[in-house]
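Worksheet: the structure to be examined is printed underneath.
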Amino acid sequence: QVQLVESGGGLVQPGGSLKLSCAASGNIFGIYAPGWYRQAPGKQRELVAGITIGGSTNYADSVKGRFTISRDDAKNTVALQMSSLKLEDTAVYYCNARISTSRGGRTENYWGQGTQVTVSS
């Protein structure tokens with residue numbers, strides 16, 4: 001089965017940097033519109049950054065200029081480089097993508113298990 005696995009989370013001081021990675025594996029035919037979401041305690045899950053198959057990107061206003069999303073199609077991975085981290089960036093970060101498993105088949109939405117990012121002074 002298709003699986004998304006995140007890595008790179010951890011504890012970091014304000015102003016520090018972290019790079020998250022998401023690797024897709026399984027019976028994959030195509031990966032479309034991967035993105036990163038986050039969810040803080042008591043809050044709804046929100047889109048942090050997304051990237052289309054054409055390479056266009058979009059970011060939440062709160063992370064513009066600090067986070068960068070990138071994609072490596074050869075490795076079936078998507079990364080989120082985070083810099084100038086703030087206390088309010090603390091959340092569980094989730095990888096998400098629409099994935100097809102056969103030619104002409106429908107795409108389905110997949111989520112990773114999440115990785116904790118804690119920004120603390």
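This is a predicted model, so every value here is computed, not measured.
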Give me the one residue out of Asn27, Asn76, Leu4, Asn109 that meets side-chain contact (heavy atoms from CB on, under 4.5 Å) with Ile99.
Leu4

Between Ala49 and Leu80 the two heavy atoms that sit nearest each other are CB-CD1, 4.0 Å

For a quick test of reading the model, state the closest non-hydrogen atom pair linking Val48 to Val63 and the distance between them.
O-CG2, 3.7 Å

Ignoring hydrogens and geometry, is there a side-chain-to-backbone donor-acceptor pair from Ser100 to Gly105 under 3.5 Å?
no

Which atom names give the shortest non-hydrogen contact between Leu85 and Arg66, and what distance separates them?
CA-NH1, 3.9 Å

Heavy-atom closest contact (Gln81 atom, Ser17 atom, distance):
NE2-CB, 4.1 Å

Test item: Thr90 side-chain N/O and Val119 main-chain N/O as donor-acceptor pair under 3.5 Å
yes

So, do Val78 and Cys95 sit near enough that their side-chain heavy atoms are less than 4.5 Å apart?
yes

Specify the closest pair of heavy atoms between Ser121 and Leu87, including all atoms of both residues, with the distance to one decimal.
N-CD2, 4.1 Å

Given 3.5 Å as the limit, does a donor-acceptor pair link the side chain of Thr52 with the main chain of Ala33, or not?
no

Ring geometry between Trp111 and Tyr94 (parallel below 30°, tilted from 30 to 60°, perpendicular above 60°):
perpendicular

Can you find a pair of side-chain heavy atoms, one from Leu47 and one from Tyr37, that are under 4.5 Å apart?
yes

In the structure I gave you, are the side-chain heavy atoms of Arg38 and Glu46 within less than 4.5 Å of one another anywhere?
yes

Where Trp36 and Cys22 come nearest, the two heavy atoms and their spacing:
CZ2-CB, 3.7 Å

Residues Ile53, Arg71; criterion side chain to side chain contact (heavy atoms under 4.5 Å, CB included); working and verdict
CA-CA 9 Å; Ile53 194 167; Arg71 180 182 63 199; 4.3 Å; yes

Other residues, nucleotides, ligands: >12 heavy atoms within 6.0 Å of Glu88 CD
yes

Could you go through Asp61 and Lys64, starting from their C-alpha distance and side-chain angles, then the distance that decides it, and tell me whether this counts as salt bridge (Lys or Arg N to Asp or Glu O under 4.0 Å)?
CA-CA 5 Å; Asp61 289 341; Lys64 286 182 178 178; 3.2 Å; yes

Could you state whether Ile31 and Ile69 fall into the same hydrophobic cluster, counting links through intermediate Ile, Leu, Val, Met, Phe, Trp or Tyr residues with side-chain heavy atoms under 4.5 angstrom apart?
no

Taking Gln39 for the side chain and Ala91 for the main chain, is one N or O donor matched with an acceptor at less than 3.5 Å?
no

Under 3.5 Å: donor-acceptor pair, side chain of Glu6, backbone of Gly114
yes

Measure the CG-OG1 distance between Leu11 and Thr118 for me, rounded to the nearest 0.5 Å.
6.0 Å

Nearest 0.5 angstrom please: Tyr110 OH to Thr101 OG1, how far?
6.0 Å

Just by modelled atom types, is the Ile51 backbone N or O under 3.5 Å from a matching donor or acceptor in the Asn58 side chain?
no

Tell me, do Asp89 and Val12 make a side-chain contact under 4.5 Å, heavy atoms counted?
no

